[in-house]
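Worksheet for the structure shown next.
Being a predicted model, the structure only gives us computed values, none of them experimental. By convention in this document, chain letters (A, B, ...) are assigned in the order of the sequence lines, proteins followed by strands, and residues within each chain are numbered from 1.
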4 protein chains.
Amino acid sequence: MNFRSDNNAAIAPEILRAIVDVNVAASARAYGEDTWSRKLDEEFSALFERDVRVFTVASGTAANAIALAGVAPPWGGVFCHREAHIERDECGAVEFYSGGAKLSLVDGKDAKLTPDGLNAAIANNGGDIHSPQLAAVSISQATERGTIYTPDEVAALGAVAQANGISFHVDGARFANAVAALGCAPADVTWRAGVDLLSFGATKNGAMAAEAIVVFNPKVAEVIERRRKRGGHLLCKGRYPAAQLLAYVEGGLWLRLARRANELASRLGRPAATYLSAPVQTNQVFIKPGEANLAKLRSAGVEFYDWGAKGSGEARFVVSWNQSEADVEAMRDLLASLR
Amino acid sequence: MNFRSDNNAAIAPEILRAIVDVNVAASARAYGEDTWSRKLDEEFSALFERDVRVFTVASGTAANAIALAGVAPPWGGVFCHREAHIERDECGAVEFYSGGAKLSLVDGKDAKLTPDGLNAAIANNGGDIHSPQLAAVSISQATERGTIYTPDEVAALGAVAQANGISFHVDGARFANAVAALGCAPADVTWRAGVDLLSFGATKNGAMAAEAIVVFNPKVAEVIERRRKRGGHLLCKGRYPAAQLLAYVEGGLWLRLARRANELASRLGRPAATYLSAPVQTNQVFIKPGEANLAKLRSAGVEFYDWGAKGSGEARFVVSWNQSEADVEAMRDLLASLR
Amino acid sequence: MNFRSDNNAAIAPEILRAIVDVNVAASARAYGEDTWSRKLDEEFSALFERDVRVFTVASGTAANAIALAGVAPPWGGVFCHREAHIERDECGAVEFYSGGAKLSLVDGKDAKLTPDGLNAAIANNGGDIHSPQLAAVSISQATERGTIYTPDEVAALGAVAQANGISFHVDGARFANAVAALGCAPADVTWRAGVDLLSFGATKNGAMAAEAIVVFNPKVAEVIERRRKRGGHLLCKGRYPAAQLLAYVEGGLWLRLARRANELASRLGRPAATYLSAPVQTNQVFIKPGEANLAKLRSAGVEFYDWGAKGSGEARFVVSWNQSEADVEAMRDLLASLR
Amino acid sequence: MNFRSDNNAAIAPEILRAIVDVNVAASARAYGEDTWSRKLDEEFSALFERDVRVFTVASGTAANAIALAGVAPPWGGVFCHREAHIERDECGAVEFYSGGAKLSLVDGKDAKLTPDGLNAAIANNGGDIHSPQLAAVSISQATERGTIYTPDEVAALGAVAQANGISFHVDGARFANAVAALGCAPADVTWRAGVDLLSFGATKNGAMAAEAIVVFNPKVAEVIERRRKRGGHLLCKGRYPAAQLLAYVEGGLWLRLARRANELASRLGRPAATYLSAPVQTNQVFIKPGEANLAKLRSAGVEFYDWGAKGSGEARFVVSWNQSEADVEAMRDLLASLR
């Protein structure tokens with residue numbers, strides 16, 4: 001029973017088939033000049049209901065760091081939640097790609113930023129030559145605790161960003177899970193709400209290694225292209241990541257896969273209700289049943305990550321797009337047996 | 001007739017099958033903790049006849065830049081040929097990953113460095129606090145002009161590197177083509193000849209997107225691991241690049257594919273003999289038949305890159321692992337018809 | 001009445017005279033090869049009672065950033081107080097010089113770190129490839145709120161640093177004020193307490209532009225030398241910063257100047273007792289008398305900086321080495337008149 | 001007899017006096033908000049006959065690197081002469097401040113760039129995403145071999161820069177010597193000739209440590225200000241570098257000092273005529289009399305630097321603003337005695 005992370009899961013058959021299919025062509029132009037790469041902008045523009053530029057990269061870390069480096073100068077300040085992936089799990093990738101930008105950490109319940117929290121953090125910046133230049137705010141959708149921002153909540157943050165002349169980035173490593181849960185249009189939680197840049201993840205939801213930087217602000221495209229190249233993320237055989245992403249969004253596959261994972265996770269939320277340390281809104285379940293209960297789960301063969309401070313008795317369980325019903329049933333029983 | 005580059009070619013069936021095969025497991029640990037990733041060190045240690053560490057990345061640019069950043073400080077000087085890929089085609093990736101190292105360009109016939117050329121370049125360095133610190137030498141094997149270094153030639157450069165206390169890196173984007181042509185052991189043109197780090201390419205010779213940094217000097221491994229993570233090249237689903245590389249070297253597939261491409265290229269060399277601007281030693285053919293002849297080839301439907309200075313009448317033709325015999329026959333006739 | 005900062009003050013006559021004196025030599029070797037620069041290591045080794053290396057730079061920002069970049073890799077984590085100068089007032093200089101290291105902010109009363117606070121921050125680090133590598137802790141002595149660490153307090157932090165294998169840096173922009181207040185040997189709050197690197201300030205206490213990176217750990221010297229050069233802080237006419245620093249420490253001038261400033265500040269502390277927001281231990285006075293009282297001071301012609309959050313009613317007053325007694329008397333009366 | 005470099009010389013009395021004079025004020029606002037710093041823009045605007053922004057820094061290395069980082073992105077290409085100071089003597093400072101820009105080296109007689117040479121180098125750039133982005137050209141005035149560009153020569157290079165949409169920087173560490181020799185207005189060899197940024201040196205011609213980045217293109221000012229701060233070159237006590245620069249240009253002191261040095265150097269040029277390896281146009285004399293003759297000079301007590309390749313028998317002699325007539329006479333006799 002592997003609930004470690006959705007990045008442990010295999011490739012969805014539709015996506016694997018797409019890879020096999022594009023391989024039929026004996027040759028295709030390199031560096032994004034192939035048919036499939038060229039189609040990406042078009043398909044994503046349809047998906048987002050406006051013209052967008054799409055840049056594929058090999059990992060979510062690359063997507064976040066290259067996107068943010070596109071809007072934050074080396075002396076820029078980037079506001080994000082204290083538990084944000086860019087702060088805690090990317091070994092300083094944003095600092096690396098941007099040439100030294102500073103992440104300013106903001107607190108907020110359930111790993112979410114609020115307009116008040118963001119405003120306070122902005123006010124705390126000195127605002128002169130000795131302080132970082134206000135550059136961007138970055139949120140995760142879904143968050144690091146599986147929670148989601150409603151379109152209104154995103155728009156409220158977008159308004160703060162706009163009022164302060166800073167860019168707005170969304171880390172959407174689990175964007176599909178969020179959109180599936182919200183039931184809204186992708187546009188509603190991105191550009192319509194003031195978002196400039198989106199890291200659109202596919203890997204955690206069925207792709208092999210395909211993430212896209214979706215650029216709503218065309219001015220940013222050129223520097224992203226340069227940084228992608230220098231970072232080694234402009235792949236020569238562009239048809240393979242393109243094919244993954246095309247298959248991912250075709251016919252709503254991305255939402256179908258995400259909905260299934262979300263739904264299975266919600267089944268786990270019920271028996272764990274007493275222990276939940278965050279509401280179950282997507283495919284992640286956070287519980288705090290104490291170390292003894294966690295040990296019990298582990299000895300029952302469940303794989304998962306401890307969460308929060310060492311010894312806090314908290315843990316995270318992530319349901320993958322291909323998690324078996326049997327896993328979920330067994331896990332549900334185990335959760336119900338905790339005391 | 002696409003002779004633009006071997007990076008236009010499809011995935012070899014054995015490698016695609018390996019991807020499909022590892023996908024059978026519903027889940028596998030992320031970030032290189034899976035079975036296949038773990039096998040990489042072992043298989044490559046066997047291939048290179050000594051303990052090595054292997055780090056997969058998504059592109060040759062990443063392999064070169066991360067490898068060199070592992071041995072060159074921000075104030076380091078890296079010697080390479082004036083036509084090296086790291087100088088001409090990677091948009092400053094080495095400078096980016098290293099935090100500002102300087103490439104010092106060295107001339108040499110057929111895109112090859114010589115010990116004399118390298119020694120002269122080293123002597124030209126000021127050698128004090130005002131000059132870059134001598135850090136590394138990097139050669140391409142095969143070179144940017146398709147030529148190769150013999151084991152003795154590599155060892156002679158390795159001796160210069162060692163005498164000057166600098167590291168020795170090989171850009172092996174087409175390492176297979178070189179080893180296939182040389183008929184030597186991989187070890188003979190790497191660590192036995194003083195090489196510390198190898199960018200071991202597979203993408204141009206049949207993989208989808210799989211390059212490996214092979215580390216012969218274990219002290220360098222940790223910083224490479226860190227830089228790979230920060231660069232976004234530590235993929236979560238490590239089994240897929242690992243599977244590609246395992247299939248690539250299994251049973252000598254890599255050499256079979258490369259030998260075929262080399263052999264087909266050699267067929268093109270003969271009719272083009274009068275125009276050759278570099279000896280045909282691997283899978284690349286460089287000719288300088290003048291602009292009119294190149295226009296003739298183009299109008300016959302041949303795709304290729306102009307080479308050298310604009311209007312020089314020189315061009316490059318790369319034969320891929322899956323180039324059709326028909327392509328080669330047709331091309332041979334076209335070359336024979338030039339005048 | 002300028003209480004804005006001690007960096008507003010003129011050069012002390014002894015230091016100005018030293019500049020004039022070394023100017024007598026028509027020529028002197030450049031880049032630290034002159035007589036006076038060479039004497040620096042010797043004099044500072046005597047001052048610190050052990051062999052040290054001294055690197056002069058033109059600003060405290062440069063001293064801190066170059067020192068920390070000497071011990072923190074680009075993926076390093078540097079622990080410091082939330083109010084530290086390196087965090088709040090240097091526009092990301094540490095991030096710049098280090099190539100992207102991350103400052104991890106720690107809370108603590110009166111701008112001081114505690115072993116418990118530091119240990120908790122260290123424990124909060126993930127400790128794997130996805131997290132910054134624990135690299136250094138940096139404290140300010142005196143702190144940004146004018147408070148000081150006793151030798152025991154420094155040693156306790158030094159022990160935490162050592163236990164975790166990280167380097168220990170002290171931002172001593174006001175080191176003289178701290179040592180003067182403590183009455184201890186400089187060694188007692190540096191290397192004897194586990195400190196590896198000290199930014200030894202002179203500019204705020206009577207020099208023109210002379211700060212020294214004092215290196216207790218000789219292994220760090222070379223990279224500091226390189227970074228100083230690349231940062232443009234290896235001045236060609238090294239005799240002038242050297243002369244300033246030699247005059248500064250000669251006969252204990254640095255402590256005399258600092259003691260005077262400390263003593264005058266303490267006179268201000270008494271009438272302001274009700275409003276003090278930090279204990280007056282050196283030459284800085286922090287009060288929180290409310291916006292109306294601050295406006296009153298301002299209209300009386302006092303120059304100073306507001307402190308803390310906007311509108312908090314808090315302010316900082318810094319007493320310089322050459323502050324006039326009259327200023328202090330007048331200010332004392334003003335403070336006594338607040339209500 | 002010290003002919004090592006003009007950076008070995010003392011401070012000119014007028015400039016030292018200016019330092020002493022501004023020290024009379026007990027306090028002055030920090031970070032360039034003082035009276036003298038504010039006057040800099042005004043005085044330099046008069047000197048250059050148009051509105052300019054002036055940023056003081058502590059070294060020529062900082063001036064060059066910060067200026068170029070203001071116009072070259074991390075993926076920028078900067079064209080300069082193979083012997084340029086930024087290439088040979090600054091340990092990669094441009095690469096550091098810019099975040100990895102690449103210096104593209106151009107050949108040219110007497111250390112000078114020509115429009116043809118520059119055009120050829122530009123043409124050699126790939127011009128696509130794989131190549132550096134054309135960003136800037138940098139020349140030295142006077143050059144590293146003491147030669148000068150006439151206004152027409154500068155304008156011809158400026159035209160090439162403009163035609164290619166790249167910025168034009170002048171390293172004027174010895175700008176005074178050049179202008180004194182040319183007898184032209186400073187504007188004639190800067191903005192009137194298409195120059196965007198000038199590193200205006202004073203240190204080598206009588207200042208203590210004062211260099212100015214003179215910005216003709218106002219759009220660049222903000223990023224220069226940020227980079228200066230992050231590099232630790234925004235000095236708190238701004239009045240001292242400002243006073244140096246104000247005294248330096250007041251009443252034409254800078255040109256008087258430079259003219260003297262130039263004139264004395266020209267006296268050395270005559271007896272050395274047979275050995276000259278570059279024309280003597282400013283205050284530097286390059287001769288190539290062979291190793292034996294150089295040994296003879298050295299044993300006669302002359303201090304100087306060998307030049308060019310090791311053992312080439314070439315040397316550089318720099319005449320300082322305060323070089324004694326006796327030194328020059330003695331040196332002249334020594335040169336006349338070579339055979």
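In terms of non-hydrogen atom pairs under 4.5 Å with chain C, the most contact-rich of Lys310(A), Glu90(A), Arg88(A) is Arg88(A).
Counting non-hydrogen atoms of other residues, nucleotides and ligands closer than 6.0 Å to CD of Glu291(A) gives a total above 12.
In terms of heavy-atom proximity, Leu103(A) sits nearest to Lys102(C) at CD1-NZ, 3.5 Å. Summarising the geometry of Cys91(C) relative to Ser131(A), their closest heavy-atom pair is SG-O, 3.5 Å, with the distance given to 0.1 Å.
Both the backbone and the side chain of Glu87(C) come within contact range of chain A, judged by heavy atoms closer than 4.5 Å.
A distance of 12.5 Å separates CD1 of Ile129(A) from CG of Asp89(C), quoted to the nearest 0.5 Å.
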